[in-house]
Trainee: 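First, the structure itself, so that you have it in front of you.
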Amino acid sequence: MSNKNTVANVNSRRFREVMGLFATGVTVVTSDLEDETHGMTANAITSLSLDPLLVLVCVQKDAMMASILQKAKGFAINILNEDQEQLSNFFAGIWPEGADPPPFSFEPWVGGGRLRDSIGALACKIDKFLDGGDHWIITGLVVDLYRQNSPTDPLIYYTGRYRRLNRLP
Ligand SMILES: Cc1cc2nc3c(=O)[nH]c(=O)nc-3n(C[C@H](O)[C@H](O)[C@H](O)COP(=O)(O)O)c2cc1C
């Protein structure tokens, strides 16, 4: 295929359609600033390095979370369980105006609050902000870890929709 054809096939809609085939879990990234915890739903999360222990999260430059992280010292990544779809929508700003938020609470932690009932979580110290187009690529040095005893199944995001793992009978 020529370069020209490849380029003609490339646009943001098709990019989303193709990337949507890459199934991910769903997290809520939290960061504490001035005694308040801000949360944002994110699936652009990657385990980056084992030595040192690093993760990365990609945050839209125009998200409120981006300006909070620029001032904060750290953040936490909370991995959602399969019943936390409403929380994912709430922290993505997909929530009817004026409606009560879904029930949730944060436990105080390093960097950002730890969302109760998440199946796993990482507390991170902010390492670097790297330019990634309309997102910041933010790397975090892992300073604490949480794993639920006998974790329940994760919430999955695939083709722009939430899914559940297909359990074996
Ligand atoms: C499943 C899902 C995954 C998302 N992943 C990301 C992500 O990785 N990075 C990001 O910047 N926004 C992501 N978003 C969008 C943000 O959650 C959304 O823009 C949010 O309103 C930003 O919040 P804030 O401006 O209050 O910080 C995702 C949304 C959904 C529903």
Side-chain angles (χ1 to χ4, degrees), residues 12-49 54-106 109 111-142 151-166:
S12 59
R13 184 182 54 82
R14 296 205 75 227
F15 175 78
R16 290 166 89 117
E17 280 172 3
V18 173
M19 286 308 297
L21 300 174
F22 187 62
T24 67
V26 182
T27 74
V28 171
V29 174
T30 54
S31 186
D32 293 347
L33 190 66
E34 289 159 11
D35 293 334
E36 271 201 40
T37 298
H38 181 72
M40 185 196 87
T41 302
N43 66 346
I45 299 279
T46 305
S47 156
L48 176 63
S49 158
L54 293 171
V55 288
L56 72 76
V57 50
C58 302
V59 178
Q60 292 166 57
K61 286 181 177 171
D62 60 6
M64 194 192 290
M65 183 55 98
S67 51
I68 288 172
L69 288 172
Q70 261 150 356
K71 294 177 221 135
K73 291 194 172 69
F75 60 90
I77 298 172
N78 297 277
I79 304 168
L80 298 189
N81 74 50
E82 63 179 3
D83 293 321
Q84 290 180 311
E85 192 178 314
Q86 287 201 326
L87 281 186
S88 172
N89 284 336
F90 179 71
F91 286 109
I94 309 164
W95 199 252
E97 228 180 286
D100 287 339
F104 69 89
S105 61
F106 292 122
W109 210 25
R114 189 166 68 70
L115 193 59
R116 253 181 223 127
D117 298 329
S118 64
I119 54 179
L122 303 100
C124 304
K125 187 172 160 250
I126 294 174
D127 175 51
K128 287 190 183 72
F129 267 71
L130 307 168
D131 191 43
D134 57 8
H135 282 56
W136 292 114
I137 304 163
I138 300 158
T139 62
L141 186 68
V142 179
T152 48
D153 281 350
L155 183 61
I156 304 291
Y157 199 65
Y158 173 70
T159 61
R161 293 173 49 196
Y162 298 109
R163 307 289 183 116
R164 288 175 178 232
L165 287 181
N166 223 345

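Numbering of ligands and ligand atoms starts at 1, following listing order. Predicted model, so just to flag it, every value in this text is computed and none were measured.
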Trainee: Under 3.5 Å between any N/O of Gln60 and any N/O of ligand 1: does that happen in this structure?
Mentor: yes
Trainee: Measure up the Trp136 and Phe129 rings against each other and bin them: parallel (under 30°), tilted (30 to 60°), perpendicular (over 60°).
Mentor: perpendicular
Trainee: Under a 4.0 Å N-O cut-off, is there an ion pair linking Asp153 with Arg163?
Mentor: no
Trainee: Give the residue and atom name of whichever protein heavy atom lies nearest to atom 3 (C) of ligand 1, and the separation in Å to one decimal.
Mentor: Asn43 OD1, 3.5 Å
Trainee: Any donor-acceptor pair under 3.5 Å linking the side chain of Asn78 with the backbone of Val28?
Mentor: yes
Trainee: What protein heavy atom is closest to atom 14 (N) of ligand 1, reported as residue, atom name and distance in Å?
Mentor: Thr41 O, 3.4 Å
Trainee: Nearest protein heavy atom to atom 25 (O) of ligand 1, by residue and atom, and its distance?
Mentor: Met64 N, 2.8 Å
Trainee: With heavy-atom distances below 4.5 Å as the criterion, would you say the side chains of Thr41 and Leu80 are in contact?
Mentor: no
Trainee: Can you tell me which residue and heavy atom of the protein come closest to atom 9 (N) of ligand 1, and the distance to 0.1 Å?
Mentor: Cys58 O, 2.8 Å
Trainee: Parallel, tilted or perpendicular for Phe106 and Phe91, by the 30°/60° rule?
Mentor: tilted
Trainee: Would you check the N or O atoms of Ala44, main chain and side chain alike, for any that come under 3.5 Å of an N or O of ligand 1?
Mentor: yes
Trainee: Rounded to the nearest 0.5 Å, what's the gap from CG on Asp131 to NZ on Lys61? Could you check?
Mentor: 3.5 Å
Trainee: Among protein heavy atoms, which lies nearest atom 23 (O) of ligand 1, and at what distance?
Mentor: Met40 CG, 3.6 Å
Trainee: Go through the steps for Tyr162 and Glu82 under the test side chain to side chain contact (heavy atoms under 4.5 Å, CB included), then give the verdict.
Mentor: CA-CA 9 Å; Tyr162 298 109; Glu82 63 179 3; over 6 Å; no
Trainee: Using a plain distance cutoff, I'd like to know if Tyr157 has any nitrogen or oxygen under 3.5 Å from a nitrogen or oxygen of ligand 1.
Mentor: no
Trainee: Going by the closest heavy atom to atom 26 (O) of ligand 1, which one wins out of His38, Glu85, His135?
Mentor: His38
Trainee: Identify, for atom 29 (C) of ligand 1, the protein heavy atom at the shortest distance, and state residue, atom and that distance.
Mentor: Ala92 CB, 3.9 Å
Trainee: Can you tell me which residue and heavy atom of the protein come closest to atom 27 (O) of ligand 1, and the distance to 0.1 Å?
Mentor: Met65 N, 2.8 Å
Trainee: Between Leu130 and His135, is any pair of side-chain heavy atoms under 4.5 Å apart?
Mentor: no
